[in-house]
There are 2 protein chains.
Amino acid sequence: MSTAARRERERQRRRQEILEAARGLFCDKGYASTTVDDIAAAAELSKGTVYLYFRSKDELYASVVLEGFKKLEVRLRELADSDMPVQGKVDAILGAFVDHCVSNPDYFRLTQLFAGGSVRDNLPKEVRDDIEAHARDLLLLGAGVVERGIEEGVFRRDLDPFMASLIAWRTLTGLLDLVIFGGQLVRRKDTQRLMRQAMDLFMRGAMNRGVPRGEREALSRERGKSPKAGD
Amino acid sequence: MSTAARRERERQRRRQEILEAARGLFCDKGYASTTVDDIAAAAELSKGTVYLYFRSKDELYASVVLEGFKKLEVRLRELADSDMPVQGKVDAILGAFVDHCVSNPDYFRLTQLFAGGSVRDNLPKEVRDDIEAHARDLLLLGAGVVERGIEEGVFRRDLDPFMASLIAWRTLTGLLDLVIFGGQLVRRKDTQRLMRQAMDLFMRGAMNRGVPRGEREALSRERGKSPKAGD
DNA sequence: TCATAAGATGACTTTGAGTTATTTTCCGAA
DNA sequence: TTCGGAAAATAACTCAAAGTCATCTTATGA
């Protein structure tokens, strides 16, 4: 009797449908201007039903953010697991991250709103922990690469890999936020240059001065190669 | 007949009283959980009166943020105008910024909420521009110092001063946000080390390698000096 | 065919932002 | 001193939207 299993599958699918509808509306109209009734209508359900699947608007929203996190994680893990030389790998990962954010600006907006926000507080602990766990995963991924770089002598020994990862992450999100939210502080067309400069600053700050231990090929090979980051 | 002038003064004072009440409550209970009725009660006024002085809760909130911006600006400008050697000056400014945020965490919270948020959108253009102008001032202040550093040969020539300023700013706020909002990603006691590492990374990334042009005294003099940044 | 439980509904409650008709306070002139 | 009117303040109101719940519908297994 696999009825129960099918039931569960259908339940998950419905949940997913609501999530999709919510994502679309959130991206389209922003968090505040999207009502739960809107979402229900978009998913062709009544409001009450939405609340059968998500405990609150905030939880629904958090789930949307989480969804995107997971996609990004897949993309970055691929790069991290590839066998490029360390320095190129760092470039590639940072570049991919920037690219991801720039090509999904609405989505990025949502994530940032979550990160800096009132939403986080009124969230079931379980959901918040879930998100935090995924953030940690991404950071550990970065930390791993940095650690590898230290072992190979590319990066300074006194760098804390996890902290370095944190710093890079927050720097990029901070800047992207600025660009994408589009205050008049940065012109859109300077995006490329700004992000490049930030990544460059990070690399120079993190790298060993003398490039010791005969591993300089990685360094010179990648110098000047532009990381992809579609404008 | 100076009645009109006095009227205006009293009006401004009342405005200030409301602002004070709002700041207290916002810091205390956060933006979302503070109602306009709360604010009115705290200022010993009725809600309607609050709306005589501020067009919306958001505008009121933005004004609170702006207020703090101005205070910070005073503090940083003092440092920027002092005659330390450039490198020490940068350390001091960054340190003071960090200090300011760490010692007013609730306040910092508010600022971040504004920066990353839904609030900004529903804001009278005039208010938004005002805030942005002040942000720009702070950035130009930073850019000025960097520019000076470039002239003196301390910083790399290919650094864009304004961008460097942007990068430093966003890096620090991003990290502070993380620490102060207190996810489990960073332990509170690591704050010092994290911020130090971030500033260090920035300095190393921005500095000239060879320290040319006979201005090395500034460099060695300041090396290892811990910037103040009360925990 | 029927009993039951899971799923879905929409009318209802509640909360809080913003409005407005009304009242109070203040001031200058008659 | 009093009166008219303008500025300031009030609180009762509207309105929108989140969240709840009593009720209905549908599927399932006996």
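Below, read A as the first sequence line, B as the second, and so on, with proteins coming before strands; counting in each chain starts at 1.
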- Given B:Gln12, which of B:Gln16, B:Glu8, B:Arg9 fulfils the side chain to side chain donor-acceptor pair (under 3.5 Å) condition? B:Glu8

- Note on the structure: Smallest heavy-atom separation, B:Ala198 atom then B:Leu175 atom, equals CB-CD1, 3.5 Å

- Evaluation steps, side chain to side chain contact (heavy atoms under 4.5 Å, CB included), between A:Leu159 and A:Phe155: CA-CA 8 Å; A:Leu159 215 57; A:Phe155 292 136; 4.2 Å; yes

- Query: If every non-hydrogen atom of A:Ser46 is compared with every non-hydrogen atom of A:Ala40, which pair is closest and at what distance?
  - Reply: C-CB, 3.7 Å

- Task: Report, as a single string ordered 5' to 3', how protein heavy atoms within less than 4.0 Å touch nucleotides 8-24 of chain D: B base, S sugar-phosphate only, - not at all.
- Result: SBBB-----SBBB----

- Might you point out which heavy atoms bring B:Ala143 and B:Ser165 nearest each other, and give the distance in Å? N-OG, 3.6 Å

- Message: Please check this pair: side chain of B:Asp177 against backbone of B:Thr173, looking for a donor-acceptor N/O pair closer than 3.5 Å.
- Response: no

- Item | Neighbours of DNA chain C within residues 21-30 of chain A, by heavy-atom distance under 4.0 Å | none

- Task: Using whole Å, report how far CD of A:Glu17 lies from P of C:dG7.
- Result: 14 Å

- Quick one: A:Arg9 CZ to D:dA27 C1', roughly how many Å, whole number? 16 Å

- Item | A:Leu185 versus B:Phe162, closest heavy-atom pair with distance | O-CE2, 3.7 Å

- Determine the interplanar angle of the A:His100 and A:Tyr107 rings, folded into 0 to 90°, and report it as parallel if under 30°, tilted if 30 to 60°, perpendicular if over 60°. perpendicular

